[in-house]
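We use all heavy atoms of the structure for the numbers below, so side chains are in, but hydrogens, waters and symmetry mates are not.
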Amino acid sequence: MGMVMVKCPQTGHAISTGIKTDRESFRRSTVFFSRTPCPFCRADHAWFAGDAWVDEPSIRVRQRRSAGSPA
């Protein structure tokens, strides 16, 4: 499981939407629109599912290991 993330258009920081899911489930979900408060610029950001990604720490670790980087 991971957290659905979007990018703050003001600062470029990745921000959590508060939605927990896995990549495959999120990919299969219907296109939707949402808003997320940003802790960096203090604005509410509107976003579509296509603008978001699922950050799964376990996948990041596996990708680093397969690329030859130490964990």
(message) What verdict does the side-chain contact (heavy atoms from CB on, under 4.5 Å) test give for Val54 and Asp22, after you've listed the backbone C-alpha separation in whole Å, the side-chain angles of each residue and the deciding distance to 0.1 Å?
(response) CA-CA 7 Å; Val54 178; Asp22 60 83; 5.7 Å; no

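- For the atom pair OG (Ser34) and CG (Asp44), the distance works out to 9.5 Å, reported to the nearest 0.5 Å.
- Closest approach of Thr36 to Ser16, counting heavy atoms only: CG2-O, 3.4 Å.
- Side-chain N or O atoms of Arg35 include none that pairs as donor or acceptor with a backbone N or O of His45 at under 3.5 Å.
- The distance from the CE atom of Met3 to the OG1 atom of Thr21 is 10.5 Å, given to the nearest 0.5 Å.
- Inter-residue side-chain proximity for Ile15 and Phe40 is flagged as met; some heavy-atom pair is nearer than 4.5 Å.
- For Trp47, the ring-ring contact (aromatic ring centres under 6.0 Å, His included) criterion is met by Phe32, not counting sequence neighbours.
- When hydrophobic clusters are built by joining Ile, Leu, Val, Met, Phe, Trp and Tyr residues whose side-chain heavy atoms come closer than 4.5 Å, directly or via intermediates, Ile19 is grouped together with Val6.
- Taking CD of Glu56 as the start and CE of Met1 as the end, the distance is 8.5 Å to the nearest 0.5 Å.
- Residues Phe26 and Trp53 fall into different hydrophobic clusters, defined by Ile, Leu, Val, Met, Phe, Trp and Tyr side chains chained together at heavy-atom separations under 4.5 Å.
- Not one N or O on the side chain of Thr17 forms a donor-acceptor pair closer than 3.5 Å with the backbone of Met5.
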